[in-house]
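Here is the structure we will look at, set down as structure tokens.
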There are 2 protein chains.
Amino acid sequence: MVSNTDLSDALAQRLSDSGLRSTPQREVIYNVLLTKRDHPTAEDVFARVKPEMPMISIATVYNCLETLVQCNLVRAVNFERGPTRYCPNLHPHAHFHDEQTGATHDIDLPDSLLGQVKSILPPNFDASSVEIIFRGKARPAA
Amino acid sequence: MVSNTDLSDALAQRLSDSGLRSTPQREVIYNVLLTKRDHPTAEDVFARVKPEMPMISIATVYNCLETLVQCNLVRAVNFERGPTRYCPNLHPHAHFHDEQTGATHDIDLPDSLLGQVKSILPPNFDASSVEIIFRGKARPAA
DNA sequence: AATTCTATTTAGAATGATTCTCATTCCTTA
DNA sequence: TAAGGAATGAGAATCATTCTAAATAGAATT
């Protein structure tokens, strides 16, 4: 089992790799993201962190999220207009955006496909990342 | 050669299909999008339309763009946070976002690949559209 | 342990993009 | 030509995000 302390250590490691400090705010925010992986907005994160840390400010939430993105611990996603959403970054994955419910699902992305997708680029284009977003409706699984 | 009138006619057709009217504002805005396909923002469009139609308001620009999107004549794209960008929708295509220059290039998307990409979806996901965004740098072509 | 230096946080103001409200104008059809 | 709905325009309002400047907290050094 992965303990809370392990996660904090991993976070601390990544932060110090980038010359940054581990702080209670950064830890709590990262934990919130790991706990409920529903692609929350900054305001969502703010609301979830508040009970634990009532004095935290929304500016800090934005700052910390940006920091986590910088450290490659978290990925920022923008579907359509509207607030940026955040997900803790594990494997490469696509996103499926359910237009009825507004929910976002992670779709595992095979390496082979990633290669094929990149291969449609003309030779002078050098892609550092690829993002794939599906939109549609998800039938409830049987 | 495709005349300006032809385009207006096509526009009028699409609009009336959706029970909407063709108006000078909608025509001018659509024309602006067709004339310079550099994925302009609403403000960009506003600036380009003004010389021709000085009384137009930014609210109308937003309204008209939204209308064109509704009629499937135009596609709205959101790279990262920041304003929505608009492109007149021809074939299915991916977008390449040059991180150095901020420019966006259309990348032609073969049907076959589109199918392969869709095939990674579990059976209970029904995608009505797929969006592919590359990020990176484009070397100037030889 | 006290001091210094810098990173981080905070509250609130400011900004940017978009939407809303509602009065006015413009078609369309009766 | 009158009535009714669609579309536009000006400005206010809202939402998401960033900025600013002051307060705090940590780490490193004395």
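Rounded to a whole Å, the CD atom of B:Gln25 is 9 Å from the C1' atom of D:dG9. Between B:Glu80 atom CD and D:dT17 atom C1' the separation is 14 Å, expressed in whole Å. Atom CG of A:Asn63 and atom P of D:dT20 are 13 Å apart (whole Å). Taking atom CD1 of residue B:Ile29 and atom C1' of nucleotide D:dG9, one finds them 12 Å apart after rounding to whole Å. In this entry the distance linking CD of A:Glu66 with P of D:dC19 reads 11 Å, nearest Å. Rounded to whole angstrom, the span from the OH atom of A:Tyr62 across to the P atom of D:dC19 amounts to 13 Å.
At least one donor-acceptor pair under 3.5 Å links the side chain of B:Ser128 to the backbone N or O of A:Arg135. Side chain of A:Arg26 to backbone of A:Arg21: a donor-acceptor contact under 3.5 angstrom is found.
Checking A:Glu27 against A:Asn31 by side-chain atom types alone, no donor-acceptor pair falls below 3.5 Å.
At most 12 heavy atoms of other shown residues, nucleotides or ligands fall within 6.0 angstrom of atom CD in B:Glu52. Within 6.0 Å of NZ in B:Lys50 there are 12 or fewer heavy atoms belonging to other residues, nucleotides or ligands.
If you walk DNA chain C from 5' to 3' and mark each nucleotide with an atom closer than 4.0 Å to a heavy atom of chain B, the marks span C:dA17 to C:dC27.
Phosphate contact (OP1/OP2 of D:dA25, side-chain N/O of A:Thr23, threshold under 4.0 Å): absent. One finds a side-chain N or O of B:Arg81 lying less than 4.0 angstrom from the OP1 or OP2 phosphate oxygen of D:dT18.
Of the two residues contacting DNA chain C, namely A:Arg26 and B:Pro83, the nearest-nucleotide position lying further toward the 5' end is that of A:Arg26.
A:Leu90 belongs to no hydrophobic cluster, as no Ile, Leu, Val, Met, Phe, Trp or Tyr side chain comes under 4.5 Å of its own.
A salt bridge links A:Asp38 with A:Arg48: the distance from a Lys NZ or Arg NE/NH1/NH2 to an Asp or Glu carboxylate oxygen falls below 4.0 Å.
Between B:His105 and B:Phe96, the ring planes lie tilted relative to each other; the angle falls in the 30° to 60° range.
Contacts between residues 36-60 of chain A and DNA chain C, counted as heavy-atom distances below 4.0 Å, involve A:Met55, A:Ile56, A:Ser57, A:Ala59, A:Thr60.
Under a hydrophobic-cluster definition in which Ile, Leu, Val, Met, Phe, Trp and Tyr are linked whenever side-chain heavy atoms come within less than 4.5 Å, directly or via other members, B:Phe79 and B:Leu33 are assigned to different clusters.
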